[in-house]
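Numbering of residues begins at 1 and proceeds along the displayed sequence.
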Amino acid sequence: MKFSKGFWTFAVIFIILFADQALKIWIKTHLMLYESIPNIQEHPNSWYYLYFVENNGMALGIEVMGKFFLSMFRIIASFVIAYYLYFLVKRNFKIGYIICIAMIFSGAVGNIIDSIFYGVIFDSSYGQVATLFPPGGGYATWLHGKVVDMFYFPIIQTNWPSWVPYVGGEEFIFFRPIFNLADASISVGIIILLLFYRKTFSLSLEKKGSEA
């Protein structure tokens, strides 16, 4: 049985969103804020942790604007990407390119869900494991939820040589950012797009512009 490009687009979006939210909900309901698996104090040399943190900003914890406006920006951007996906499927673009855009869309929506709902459906994770749908209400209002991050890969942990200017002797960690599955989906989608589909991206914009 041959499935349509629309089917594969929907399947990719559903799988990424389901996995992202399932993992985030598990983290929220099993770990306190800044708790990790394995325990980072007991295993300081591990190259991989599930390390529960929350952030108010964009991917990798970058904060560029107020939380409400950031949430609204994400929502508007997601509608634009959704419409672009519809255009790509309708115009029968390459399935690989469509999947890249679907990955970016899924990641954006995954973090939007945190921002819109998590402040209302969870209580605080600070000093306690959060409760889903707490009787006393959530830790914030609609559109003010924090994004849950958990993947931490400090593959290299060392110190800069003493002779290096400005940072000599200081700790060096690669890879330091803590991220989630939605962030990874966005990043992988963009990287594949840049490596293999730059011409397709330009062509899609030309076709879209000609139809406007």
Original post:
Aromatic rings W8 and F3: how do their planes relate, parallel, tilted or perpendicular, breaks at 30° and 60°?
Top reply: perpendicular
**OP:** For atom CZ of F14, decide whether the heavy atoms of other residues, nucleotides or ligands shown that lie under 6.0 angstrom number more than 12.
**Re:** no
**OP:** Could you check F122 against Y118 for ring-ring contact (aromatic ring centres under 6.0 Å, His included), going step by step and ending with a plain yes or no?
**Re:** CA-CA 6 Å; F122 287 108; Y118 277 26; 5.0 Å; yes
Original post:
Any chance the side chains of N92 and K5 put a donor and an acceptor closer than 3.5 Å?
Top reply: yes
Original post:
Under 3.5 Å, is there a donor-acceptor pair between the side chain of E42 and the main chain of P38?
Top reply: no
**OP:** Please work out whether the ring planes of F87 and F93 are parallel, tilted or perpendicular, with thresholds of 30° and 60°.
**Re:** tilted
Original post:
Rounded to the nearest 0.5 Å, how far does CD1 of I101 lie from CD1 of I81?
Top reply: 7.5 Å
**OP:** Could you tell me whether E54 and K24 have a side-chain N and a carboxylate O separated by less than 4.0 Å?
**Re:** no
Original post:
Is a side-chain N or O of H43 found less than 3.5 angstrom from the main chain of N39, in a donor-acceptor match?
Top reply: no
Subject >> N/O donor-acceptor pair under 3.5 Å between Y126 side chain and M32 backbone >> reply: no
**OP:** Could you grab the distance from atom CD1 of I116 to atom CG of N111, nearest 0.5 Å is fine?
**Re:** 11.0 Å
Original post:
Can you tell me if D123 uses its side chain to pair, donor with acceptor, with the backbone of T131 under 3.5 Å?
Top reply: yes
Subject >> Q21 side-chain N/O to G110 backbone N/O, donor-acceptor pair under 3.5 Å >> reply: yes
Original post:
So which heavy atom on G189 is nearest to which on M103, and how close?
Top reply: N-CE, 4.0 Å
Original post:
Which distance, rounded to the nearest 0.5 Å, do you find between the CD1 of I186 and the CG of N180?
Top reply: 8.0 Å
Subject >> Atom pair OH (Y49) and CD1 (I37), whose distance is rounded to the nearest 0.5 Å >> reply: 12.5 Å
Original post:
Would you say S4's side chain and F7's backbone share a donor-acceptor pair under 3.5 angstrom?
Top reply: yes
Subject >> For the student: nearest non-hydrogen atoms of K28 and Y139, plus distance >> reply: NZ-CE2, 4.0 Å
Original post:
Any luck finding a side-chain donor-acceptor pair between Y34 and S125 under 3.5 Å?
Top reply: no
Original post:
Just wondering, more than 12 heavy atoms not from F18 lying within 6.0 Å of its CZ?
Top reply: no
**OP:** Just jot down the salt bridge (charged side-chain N to carboxylate O under 4.0 Å, His left out) partners of R91, sequence neighbours excluded, or say none.
**Re:** E211
Subject >> Plane angle bin for F201 and Y84 - parallel if under 30°, tilted between 30 and 60°, otherwise perpendicular >> reply: perpendicular
**OP:** Step by step, work out the ring-ring contact (aromatic ring centres under 6.0 Å, His included) result for F179 and F151.
**Re:** CA-CA 5 Å; F179 58 99; F151 293 129; 5.7 Å; yes
Original post:
Minimum heavy-atom separation for C100 to I192, with atom names?
Top reply: SG-CG2, 3.3 Å
Subject >> Distance (rounded to the nearest 0.5 Å) between I99 CD1 and L88 CG >> reply: 12.0 Å
Subject >> Gap between atom OH of Y152 and atom OG of S36 - 0.5 Å precision >> reply: 10.0 Å
Subject >> Test item: S185 side-chain N/O and L181 main-chain N/O as donor-acceptor pair under 3.5 Å >> reply: no
**OP:** Examine F153 together with F175 and report whether their ring centres are nearer than 6.0 Å.
**Re:** no
